[in-house]
Structure formats: C-alpha cells, structure tokens
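Proteins get letters first, then strands, A, B, ... in listed order; numbering begins at 1 in each. All values below were derived from every heavy atom in this structure, side-chain atoms included, with hydrogens, water molecules and symmetry-related copies excluded.
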2 protein chains.
Amino acid sequence: MREAEKVFIGYLAEHNLRWTNQRKELLHLFLKMEKHLTIDDFYQIVQRKNDRIGYATVYRTLKLICKSGLAREVDFGEGKVRFEHKYAHEHHDHLVCTQCGKLIEIKSPEIERLQNKLAEEHCFEPTWHKMQIFGNCGECRK
Amino acid sequence: MREAEKVFIGYLAEHNLRWTNQRKELLHLFLKMEKHLTIDDFYQIVQRKNDRIGYATVYRTLKLICKSGLAREVDFGEGKVRFEHKYAHEHHDHLVCTQCGKLIEIKSPEIERLQNKLAEEHCFEPTWHKMQIFGNCGECRK
DNA sequence: AAATTAAATGAAGATGATTTTCATTATCAA
DNA sequence: TTGATAATGAAAATCATCTTCATTTAATTT
C-alpha cells in the first residue's frame with residue numbers, strides 16, 4: 001500500500017503531475033477494492049465516501065493509475081472496461097463464466113512460453129498479451 | 001463463396017428470415033473483403049457501391065452474418081469491434097503490432113490443449129477463447 | 001393476380017460509455 | 001505572496017452501438 005503509493009507519486013513526479021487530495025483519496029480507495037470495477041462502479045463507491053469528487057476526476061485518476069503501472073484495463077466484451085490491480089500481482093489471464101459472470105484468474109508459464117515461441121517464429125517481439133477463456137464455471141455446470 | 005451463400009441462406013431459412021437484395025449484396029461484398037473491418041469501415045465501402053443501403057442494414061447484416069457462423073467479432077481494444085471471416089477458416093488468435101496495426105493470425109494446438117487443461121483444473125467448461133499478443137512486428141523492429 | 005401477413009429497410013434518434021471543454025480552484029516553485 | 005500551471009467538477013461533446021417507427025418489400029394465402 002505504502003509501496004504502491006510511492007510508485008504512483010513517483011509516476012506523478014516524473015510527469016510533472018501533482019499529488020492532490022483527490023488523487024490520494026482515489027488511489028487508496030482503489031487499492032482497497034477487490035475485483036474488477038468499471039469506472040461507474042468505482043464512481044458509485046467514491047460517491048458514498050465523498051460526493052464532492054466528480055466523475056471526470058474518477059475517470060482521469062483511474063487512467064493515471066493505469067499509466068503509473070498500478071492497474072490495467074481489462075475488457076470482457078461487455079461494452080465497458082474494468083480496472084484491475086496490477087501492483088504486487090503477477091500477470092494473469094481469466095476464465096470468464098458466461099452464465100454468472102464469475103472471473104477466475106489463471107496463470108500458465110507453459111502457455112506464456114508457447115506464446116513467446118510462436119511470436120518468435122513470426123519475428124514478432126511480444127510486449128504483453130490478453131487471454132480470456134469463456135465458458136461455464138463449476139457452479140453453473142451443476 | 002457459393003458455399004458460404006448456402007450457409008447464410010440456410011441460416012435465414014431456419015429462422016424465418018428473408019433473402020433480400022440488400023442481404024445478398026452485403027454478404028457478397030463482405031466475403032470479398034480481406035482483413036478485419038469495423039462496421040463503419042464496411043459501411044464506407046458499401047456506400048461506394050450502393051448508397052441506398054443504410055447504416056442500420058449494414059449493422060444488422062453483419063450481426064446476422066456472425067450469427068450464421070460465417071464471421072465473428074474481434075475486439076482489439078480499440079473501442080470498436082471488427083468483423084472477420086470465419087467460414088473455411090479455422091479458429092485462430094492474433095499477434096497485433098502496436099506500431100503499424102498489422103495483424104498476424106496464429107494457431108497453436110499446444111496452447112489450446114493447455115487452455116483446456118487449465119480450465120479443467122478449475123472445473124471450468126470452456127466454450128471459446130480470445131487471445132491476442134501485442135508487440136512489434138518484424139517490419140517495425142527494423 | 002390481388003390481398004394478407006410479417007419481415008426488412010433506412011432515417012433518425014436513443015443509449016451508454018468514454019472523453020473533452022471550460023471556468024474555477026488548488027498546487028508548486030521562486 | 002505571487003505567478004505559472006496543473007487539477008477539478010459540471011456539463012457537454014463524441015462515438016460506437018442499438019432501437020424505433022413509418023414505409024417498403026417479400027412470402028403466403030385466397
């Protein structure tokens with residue numbers, strides 16, 4: 001948490017941006033959140049804590065948090081983007097249940113190795129990837 | 001081409017939908033297209049051929065073509081969807097060059113096998129997946 | 001072939017997420 | 001403190017997607 005704050009402040013400093021009260025409050029709230037929130041989800045939560053913070057600031061701050069490397073945008077094809085912590089959280093992919101919407105985080109070094117191999121075969125230099133497997137989770141199959 | 005038309009007409013028939021001039025013209029144009037077009041890309045092309053076909057019809061027909069199994073939607077995180085032929089075209093994933101936008105289609109049975117294994121470990125029944133690897137293509141690395 | 005029924009079309013507008021504008025406020029550095 | 005500049009919040013603009021509705025067209029029935 002403290003660490004993450006340092007990362008964010010560092011990013012701001014590097015870019016001549018300011019460490020404001022809103023950014024502080026939003027960063028801490030965001031870091032406390034579990035799971036994957038849309039901008040609006042997060043805005044609703046923010047409202048309950050402090051209704052003087054506007055949507056635009058929430059929007060801009062989430063984008064900034066991503067740029068700082070503390071979060072990333074994920075898109076499950078819902079027509080809106082969700083935000084997910086990245087800090088102290090290894091890269092992973094998702095199983096997405098198309099019935100109940102549950103997300104399961106997965107990680108596979110073997111797959112990553114194959115991805116890199118595949119990229120190399122095409123003279124392609126990979127920087128990141130997205131992988132989602134859609135289907136039915138254990139609960140929904142019962 | 002003829003084959004694809006049959007598939008489409010078959011789908012229409014099964015659903016009590018009609019084989020109209022617009023649908024015919026749009027299907028044939030779409031099948032001739034290479035690469036991955038957005039709705040608007042395709043609408044622009046249609047306009048040049050026949051400006052009496054409206055955007056809504058283009059939109060609805062692309063959706064129909066997908067439902068018929070001849071195409072699928074792909075999302076490269078641009079905030080809009082692209083359409084890609086599927087007929088006589090095995091499932092594949094993409095390398096996406098973030099410099100020039102080039103797409104390279106890739107396929108890896110090993111990765112798919114690992115995906116299925118991973119899913120199974122989570123009692124998850126996979127139905128489909130999306131995988132995109134972003135980075136720099138051979139040209140752009142030079 | 002005419003009448004009937006139901007789907008398709010195109011124009012326009014609704015929707016909803018995202019992004020921008022702009023007047024005002026807050027931060028930072030000198 | 002002051003001046004320069006970034007940040008904020010409200011509102012509006014944008015943009016892709018999707019829907020509505022009056023009209024047209026296709027298919028079916030008489």
Could you tell me how far apart [X] ([atom1]) and [N] ([atom2]) are, to the nearest whole angstrom?
X       : N      : atom1 : atom2 : value
B/Tyr11 : C/dA8  : OH    : C1'   : 15 Å
A/Ile9  : C/dC28 : CD1   : P     : 10 Å
B/Leu12 : C/dA8  : CG    : C1'   : 11 Å
A/Phe42 : C/dA17 : CZ    : P     : 17 Å
B/Tyr43 : C/dT9  : OH    : C1'   : 13 Å
A/Leu62 : C/dA17 : CG    : P     : 15 Å
A/Leu37 : C/dA17 : CG    : P     : 15 Å
A/Leu17 : C/dA26 : CG    : C1'   : 15 Å

Start at the 5' end of DNA chain D and walk down; is the nucleotide closest to A/Asp51 or to A/Leu64 reached first?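 The residue closer to the strand's 5' end, by nearest nucleotide, is A/Leu64.
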
Compute whether any side-chain donor of one residue and acceptor of the other, for B/Asn116 and B/Glu112, lie under 3.5 angstrom apart. no

Can A/His94 and A/Gln132 be counted as having a side-chain donor-acceptor contact under 3.5 angstrom?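 No - no donor-acceptor pair under 3.5 Å links their side chains.
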
Would you find more than 12 non-hydrogen atoms of other residues, nucleotides or ligands less than 6.0 Å from A/Glu120 atom CD? no

Greater than 12 external heavy atoms within 6.0 Å of A/Glu78's CD: yes

Is any side-chain nitrogen or oxygen of B/Arg52 closer than 4.0 Å to OP1 or OP2 of C/dT9? no

Produce a footprint string for nucleotides 14-26 of chain D: one letter per nucleotide, 5' end first; B if the base is under 4.0 Å from any protein heavy atom, S if only the sugar-phosphate is, - if neither. --SBBBB-----B

Enumerate the salt bridge (charged side-chain N to carboxylate O under 4.0 Å, His left out) contacts for residues 13-22 of chain B, please, sequence neighbours excluded, ordered by first and then second residue.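 Non-adjacent pairs meeting salt bridge (charged side-chain N to carboxylate O under 4.0 Å, His left out): zero.
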
Could you label the plane-to-plane angle of the A/Phe30 and A/His85 rings as parallel, tilted or perpendicular, counting under 30° as parallel and over 60° as perpendicular?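 Tilted, since the angle between the ring planes falls between 30° and 60°.
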
